[in-house]
Novice: 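Shown below is the structure under consideration.
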Protein chains: 2
Amino acid sequence: MRLNESGKTSSVTRGTIRAVAEELFAENGIHGVTTRALAEKAGVNMAAVNYHFGNKDNLTMAVFRDVARRSVQRRLDNLARIEAEAEARGVSPSLKDTVEAFVDAYVNEDTPRTGVLLAHLVLQHRVRPTEWTRAIVQEELDDFALSYMEALRRAAPHLAENVLHWRYHFMVGAVMMSLSDQTSDGRMRRLSGGLCDPENRVEFKAQMVSFLVDSFGQPETAEIRMAHADP
Amino acid sequence: MRLNESGKTSSVTRGTIRAVAEELFAENGIHGVTTRALAEKAGVNMAAVNYHFGNKDNLTMAVFRDVARRSVQRRLDNLARIEAEAEARGVSPSLKDTVEAFVDAYVNEDTPRTGVLLAHLVLQHRVRPTEWTRAIVQEELDDFALSYMEALRRAAPHLAENVLHWRYHFMVGAVMMSLSDQTSDGRMRRLSGGLCDPENRVEFKAQMVSFLVDSFGQPETAEIRMAHADP
DNA sequence: AAAATATTCAAACATACGTTTCAATCATGC
DNA sequence: GCATGATTGAAACGTATGTTTGAATATTTT
């Protein structure tokens with residue numbers, strides 16, 4: 001095995017497999033990709049997958065860990081940017097900018113597949129958690145989630161801590177499920193008679209941001225406080 | 001095969017298989033149930049599954065079609081009830097009652113497994129759509145979605161048609177993903193340090209309803225209108 | 001009670017996967 | 001330029017799963 005300057009293995013085949021895997025995962029979902037189909041599309045032998053990645057799970061894990069990192073990095077960059085911009089004007093980031101920093105990572109034009117792939121990962125973890133989906137979610141996404149909630153707390157200081165948590169998870173759910181609509185049967189487009197389409201990234205972002213600003217912007221009601229205390 | 005009064009096949013074994021299947025699907029997800037495990041837990045022979053249901057897909061489909069119907073029926077009943085109550089007072093149903101009529105079907109104590117099972121179905125359809133998931137979603141759920149949106153339109157008449165559609169799907173996403181959190185790794189509980197728990201049905205309902213009322217209650221902004229018109 | 005039909009059972013079967021093997025080829029360092 | 005190790009290739013292997021089989025048993029019908 002050839003080693004590159006950083007000590008990692010390097011190989012055209014390895015790179016091809018990885019790239020084709022990412023493409024196929026985005027199209028067909030995690031369980032919709034067989035070693036044979038992957039090898040054929042990549043123009044390599046089946047054994048190459050195991051030779052270069054050990055086994056299929058390792059390859060899958062590598063692809064999705066990378067996707068998770070990219071999405072987190074984008075959102076951290078977004079947060080840093082809006083914080084710098086806000087500071088320059090002597091204010092804190094607005095709620096709108098804060099939720100936009102989150103949603104943007106899934107719908108921007110620069111990283112077109114990230115959103116769909118991350119939705120595949122997260123939904124797969126929900127439908128059938130495995131050791132490696134758990135590892136990626138906890139190791140790559142959980143820390144970010146907590147630090148994002150800090151940003152959200154600053155942008156919506158009127159929300160009680162528990163309300164903030166609930167709504168963060170509602171937000172994640174709404175985003176993930178909308179993204180996954182692109183890869184299944186296009187339910188939103190069908191039900192709306194073509195009026196709405198989650199593949200329209202500009203409107204997706206605008207609708208999602210306004211939806212979230214509207215809900216995060218409201219203070220908690222007495223009723224919720226009671227339901228939490230109740231049990 | 002014995003036939004009952006309505007002409008349908010009847011059999012204790014058949015009923016047992018169905019009941020155990022539903023239980024296992026709720027626990028382990030759609031792909032987490034093998035014919036062997038199912039037969040063992042039900043105390044029947046493996047071949048009984050194929051004898052009574054033709055094949056495994058048929059059984060799965062029967063279980064989930066039933067789940068989908070139950071959830072739709074519950075929500076239709078809820079809608080009918082709040083409309084009758086509102087009419088008795090000479091008003092139309094409130095937005096809060098309307099969204100509560102939706103959420104209730106997933107978190108009430110009477111049908112405890114419906115929510116989790118429906119989440120499994122919908123997420124499975126998103127992760128890996130098949131002929132039968134498509135059939136159930138379109139045949140059992142789509143009509144209801146459209147008629148529910150009519151109720152929502154009456155309760156939130158300030159929302160433009162496209163905004164209504166987007167937000168309906170955001171709502172479904174938030175509900176489904178929160179339900180699925182119960183069957184995977186309990187992310188909400190973990191990240192909130194135990195502060196929030198989607199298995200707490202009372203708080204789930206209250207938080208979800210207030211989240212949705214806050215967002216559906218707001219009129220659309222000029223910005224969204226532009227994004228829709230834009231490209 | 002006998003015949004016909006429905007149901008159960010253990011075992012064999014089919015197959016779609018990921019994985020391993022091992023020989024052939026290619027690249028690299030000496 | 002040859003020896004060593006890395007890479008590729010075709011085929012075989014192992015396994016988990018749904019499915020079918022055909023005899024044995026139970027149930028229903030007449």
Side-chain angles (χ1 to χ4, degrees), chain A residues 1-22 24-25 27-64 124 127-133, chain B residues 1-22 24-25 27-64 124 127-133:
Chain A
M1 195 182 287
R2 198 172 42 190
L3 301 184
N4 68 12
E5 62 285 352
S6 65
K8 292 186 178 169
T9 58
S10 148
S11 150
V12 178
T13 303
R14 188 185 164 92
T16 308
I17 291 172
R18 223 187 139 104
V20 171
E22 185 171 313
L24 284 179
F25 282 137
E27 271 175 30
N28 305 326
I30 292 175
H31 283 354
V33 182
T34 65
T35 308
R36 283 173 176 78
L38 170 60
E40 186 174 5
K41 176 143 188 174
V44 305
N45 190 275
M46 261 202 320
V49 172
N50 295 319
Y51 179 75
H52 287 285
F53 291 91
N55 57 39
K56 196 198 173 193
D57 259 24
N58 265 339
L59 166 62
T60 312
M61 196 166 33
V63 168
F64 281 98
Q124 185 64 48
V127 160
R128 190 137 185 66
T130 64
E131 192 48 45
W132 70 262
T133 60
Chain B
M1 196 182 285
R2 198 170 44 190
L3 300 185
N4 67 11
E5 63 284 353
S6 65
K8 293 185 178 170
T9 59
S10 147
S11 150
V12 177
T13 302
R14 188 184 163 94
T16 307
I17 290 172
R18 225 188 137 106
V20 171
E22 186 171 311
L24 285 179
F25 282 138
E27 272 175 30
N28 305 327
I30 291 175
H31 283 349
V33 182
T34 66
T35 310
R36 281 172 177 79
L38 170 61
E40 186 175 4
K41 176 144 187 172
V44 304
N45 190 275
M46 263 200 324
V49 171
N50 295 318
Y51 179 75
H52 286 286
F53 291 91
N55 58 36
K56 195 196 173 193
D57 258 25
N58 264 340
L59 165 61
T60 311
M61 195 165 36
V63 168
F64 281 96
Q124 184 65 48
V127 161
R128 190 139 185 65
T130 64
E131 193 47 47
W132 70 262
T133 59

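Letters A, B, ... are given to chains in the order of the sequence lines, protein chains preceding strands, and every chain is numbered from 1.
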Novice: Go through the structure and list residues passing side chain to side chain contact (heavy atoms under 4.5 Å, CB included) with A:V49, not counting sequence neighbours.
Specialist: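 With sequence neighbours excluded, A:V49 shows a side chain to side chain contact (heavy atoms under 4.5 Å, CB included) to A:I17, A:T35, A:L38, A:L59, given in chain and number order.
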
Novice: Respond yes when some side-chain nitrogen or oxygen of B:H52 is under 4.0 Å from OP1 or OP2 of C:dT8, and no when none is.
Specialist: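 Checking C:dT8 against B:H52, a side-chain N or O does come within under 4.0 Å of OP1 or OP2.
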
Novice: OP1 or OP2 of C:dT7 less than 4.0 angstrom from a side-chain nitrogen or oxygen of B:T13, does that happen here?
Specialist: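 No, B:T13 has no side-chain N/O under 4.0 Å of OP1/OP2 on C:dT7.
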
Novice: Measure all distances between protein nitrogen or oxygen atoms and nitrogen or oxygen atoms of nucleotides 18-21 of chain D, and list the pairs falling under 3.5 Å.
Specialist:
| residue | atom | partner | partner atom | Å |
| --- | --- | --- | --- | --- |
| D:dG18 | OP1 | B:K56 | NZ | 2.6 |
| D:dG18 | OP2 | B:T35 | N | 2.7 |
| D:dG18 | OP2 | B:T35 | OG1 | 3.1 |
| D:dG18 | O5' | B:T35 | OG1 | 3.4 |
| D:dG18 | N7 | B:R36 | NH1 | 3.0 |
| D:dG18 | O6 | B:R36 | NH2 | 3.1 |
| D:dT19 | OP2 | B:N50 | OD1 | 3.3 |
| D:dT19 | OP2 | B:K56 | N | 2.9 |

Novice: Atom CD1 of A:I30 to atom P of C:dG18: distance rounded to whole Å?
Specialist: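 Rounded to the whole Å, the gap is 14 Å.
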
Novice: Could you tell me how far apart A:I17 (CD1) and D:dT7 (C1') are, to the nearest whole angstrom?
Specialist: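 Computing the A:I17:CD1 to D:dT7:C1' distance gives 11 Å.
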
Novice: Tell me the interatomic distance from B:F53, atom CZ, to C:dT8, atom P, rounded to whole angstroms.
Specialist: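 The answer, rounded to whole Å, is 11 Å.
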
Novice: Considering only heavy atoms from C-beta outward, does the side chain of B:F64 approach that of B:E22 to under 4.5 Å?
Specialist: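 Result no, sub-4.5 Å side-chain heavy-atom pair not found.
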
Novice: In whole angstroms, how far is the P atom of D:dG22 from the OH atom of B:Y51?
Specialist: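 Rounding to the nearest Å, OH of B:Y51 and P of D:dG22 are 17 Å apart.
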
Novice: Check for a donor-acceptor pair, side chain of B:T133 on one end and backbone N or O of B:P129 on the other, with a separation under 3.5 Å.
Specialist: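 Checking the backbone N and O of B:P129 against the side chain of B:T133, no donor-acceptor pair under 3.5 Å is found.
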
Novice: Can you tell me the distance, in whole Å, between the CG atom of A:L38 and the P atom of C:dT19?
Specialist: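 Spelled out: CG on A:L38 to P on C:dT19 is 12 Å.
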
Novice: Taking CD from B:E40 and C1' from C:dA10, how many angstroms apart are they, rounded to a whole number?
Specialist: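 Rounding to the nearest Å, CD of B:E40 and C1' of C:dA10 are 15 Å apart.
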
Novice: Side chain to side chain contact (heavy atoms under 4.5 Å, CB included) with A:E27: which residues, sequence neighbours excluded?
Specialist: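 Partners of A:E27 under the side chain to side chain contact (heavy atoms under 4.5 Å, CB included) test: A:E23, A:L24, A:K41.
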
Novice: Go through the structure and list residues passing side chain to side chain donor-acceptor pair (under 3.5 Å) with A:Q124, not counting sequence neighbours.
Specialist: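 For A:Q124, no residue satisfies side chain to side chain donor-acceptor pair (under 3.5 Å) once neighbours in sequence are set aside.
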
Novice: With sequence neighbours left out, what residues match A:A47 under side chain to side chain contact (heavy atoms under 4.5 Å, CB included)?
Specialist: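 Testing A:A47 for side chain to side chain contact (heavy atoms under 4.5 Å, CB included), a comparison that skips the adjacent residues, returns A:N45.
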
